[in-house]
**Q** 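The structure under discussion is supplied below as structure tokens; questions concerning it will follow.
Being a predicted model, the structure only gives us computed values, none of them experimental. Side chains are part of it too, since the values below use all heavy atoms of this structure and drop only hydrogens, waters and symmetry mates.
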Amino acid sequence: MQKQAVSVGLVLASTSPYRRELLARLGLPFEVAAPEVDETPLPGEDAAATSLRLAVAKARALASRHPAALLIGSDQVALLDGVQLGKPGDHERAVAQLRAMRGRRIDFHTAVALHNSASGVTHTHVDVSSVTMRDYSDAEIESYLRREQPYNCAGSAKTEGLGTVMIAALENRDPSAIVGLPLIALCDMLRTEGVALL
């Protein structure tokens, strides 16, 4: 049986190399397209709601360009003491984030949305990964940032790389969620849409 994703088209609404690598693990052919979405949190919006809203917005943003496709959107928001930590963008912000996170527990809310542009149906899921950071030194922060440069990672935590050495413990349902794309939930969504995964 031919996988449906081949005929309807599977599109990852992200330019993230981490999400691209994760999706490639499923062995399905897919395209990558950049969604034009403002990732600014709304006033009073909690982390789960922000990540979910943005994941859906990213997937739906490509619907007009891909009218007969399954569109995948994902977003991740780190939460520390009720404050959302986004992508630092530069060295100075990354240092500040990592200092604030030192020895603390942070919850990473990772949302995934699968939008069928033909039917208009959207499936969603939010996964929460609880990460406890080590009590690392300022010198370790500088060494980590110099070597990894995780400026495009929420909370400066690049767990799929050297960021692992900054972590004391990690608890979650889906190990791929902390990297940025919850594959277990996505597989369930794809099956619901009739995509043969095996």
**Q** Among residues two or more places apart or on two chains, list those pairs meeting salt bridge (charged side-chain N to carboxylate O under 4.0 Å, His left out) that have a residue in residues 108-129.
**A**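 Sorted pair list: Asp127-Arg173.
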**Q** For the pair Thr132 (side chain) and Ala168 (backbone), establish whether a donor and an acceptor sit closer than 3.5 Å, ignoring hydrogens and angles.
**A** no
**Q** For Ala177, is there any backbone N or O sitting under 3.5 Å from a side-chain donor or acceptor partner on Thr110?
**A** yes
**Q** Rounded at 0.5 Å granularity, tell me how far CD in Glu39 sits from CG in Leu54.
**A** 6.0 Å
**Q** Determine whether a donor-acceptor pair (N or O, by modelled atom type, separation under 3.5 Å) exists between the side chain of Gln97 and the backbone of Glu92.
**A**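 Answer holds: no.
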**Q** With the side chain counted from C-beta on, respond yes when Asp81 and Arg104 share a heavy-atom pair under 4.5 Å apart, and no when they do not.
**A** yes
**Q** Identify the heavy atoms of Ser129 and Asn172 that sit nearest to each other, and give their distance.
**A**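 Minimum heavy-atom contact is OG-ND2, 3.1 Å.
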**Q** If you measure from OG on Ser156 to CD on Gln149, what distance do you get to the nearest 0.5 Å?
**A**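 Atom-to-atom, Ser156:OG and Gln149:CD are 12.0 Å apart.
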**Q** Which value, rounded to the nearest 0.5 Å, describes the distance between His125 atom NE2 and Asp174 atom CG?
**A**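 His125 atom NE2 to Asp174 atom CG measures 7.0 Å (nearest 0.5 Å).
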**Q** I'd like to know if the side chain of Arg134 reaches the main chain of Ile167, judged simply by a donor and an acceptor atom lying under 3.5 Å from each other, with no hydrogens or angles considered.
**A** no
**Q** Between Glu148 (side chain only) and Ala157 (backbone N and O only), is there a donor and an acceptor less than 3.5 Å apart?
**A**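 Side chain of Glu148 to backbone of Ala157: no pair is present.
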**Q** If you compare all heavy atoms of Lys58 against all heavy atoms of Arg19, which two are closest, and at what distance to 0.1 Å?
**A**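 Looking at all heavy atoms of both residues, the shortest contact is NZ-NH1, 4.3 Å.
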**Q** Which of these, Leu186, Leu23, Leu183, sits in a side chain to side chain contact (heavy atoms under 4.5 Å, CB included) with Ser176?
**A**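 Of Leu186, Leu23, Leu183, side chain to side chain contact (heavy atoms under 4.5 Å, CB included) with Ser176 is met by Leu183 alone.
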**Q** Please table the atom pairs, donor to acceptor, closer than 3.5 Å between any side-chain atom in residues 59-70 and protein atoms at least two apart or in another chain.
**A**
from  : atom 1 : to     : atom 2 : distance (Å)
Arg60 : NE     : Thr122 : OG1    : 3.2
Arg60 : NH2    : Thr122 : OG1    : 3.1
Arg65 : NH2    : Ala34  : O      : 3.3

**Q** Provide the closest heavy-atom pair for Pro150 versus Lys158 in the form atom of the first, atom of the second, distance.
**A**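 The answer is CB-CB, 3.9 Å.
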**Q** Rounded to the nearest 0.5 Å, how far apart are CG of Leu181 and CD1 of Ile72?
**A**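 The distance works out to 6.5 Å.
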**Q** Determine whether Ser74 and Pro182 make a side-chain contact, defined as any pair of heavy atoms from C-beta on separated by less than 4.5 Å.
**A**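 The answer is yes; the side chains approach within 4.5 Å.
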**Q** Are the side chain of Glu45 and the backbone of Leu42 linked by a donor-acceptor contact shorter than 3.5 Å?
**A**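 Looks like yes, one N/O pair under 3.5 Å.
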**Q** Find out whether Thr164 and Met166 are in side-chain contact, i.e. whether some heavy atom of one side chain is under 4.5 Å from a heavy atom of the other.
**A**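 A side-chain contact under 4.5 Å is absent here.
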**Q** Donor-acceptor check, side chain of Glu142 to backbone of Ala139, threshold 3.5 angstrom: yes or no?
**A**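 It does not hold such a pair.
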**Q** Which distance, rounded to the nearest 0.5 Å, do you find between the CG of Leu28 and the CG of Leu197?
**A**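 The CG atom of Leu28 sits 6.0 Å away from the CG atom of Leu197.
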**Q** With a 4.5 Å cut-off on side-chain heavy atoms, are Leu98 and Leu145 touching?
**A**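 They are in contact (side-chain heavy atoms under 4.5 Å apart), so the answer is yes.
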**Q** Can we say Arg102 and Asp138 salt-bridge, meaning some charged N sits less than 4.0 Å from an Asp/Glu carboxylate O?
**A**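 Salt bridge: yes.
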**Q** State whether a side-chain donor-acceptor pair under 3.5 Å links His123 with Glu193.
**A**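 Yes, a side-chain donor-acceptor pair sits under 3.5 Å.
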**Q** Which heavy atom of Tyr151 sits nearest to which heavy atom of His91, and what is that distance?
**A**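 Shortest heavy-atom contact: OH-ND1, 2.8 Å.
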**Q** Show the nearest heavy-atom pair for residues Thr50 and Asp75, with the distance to one decimal.
**A** O-OD2, 4.5 Å
**Q** What distance do Phe108 atom CZ and Leu79 atom CG have between them, rounded to the nearest 0.5 Å?
**A**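 Rounded to the nearest 0.5 Å, the CZ-CG separation comes out at 10.0 Å.
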**Q** Taking all non-hydrogen atoms of both residues, which atom of Val77 and which atom of Ala47 are closest, and how far apart?
**A**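 Where Val77 meets Ala47 most closely, the heavy atoms are CG1-CB, 3.8 Å.
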**Q** Looking only at the side chains, is there a donor atom on one of Arg105 and Ser130 sitting less than 3.5 Å from an acceptor on the other?
**A** yes
**Q** Is the backbone N or O of Ile178 less than 3.5 Å from a side-chain atom of Gln76, with the two atoms forming a donor-acceptor pair by type?
**A** yes
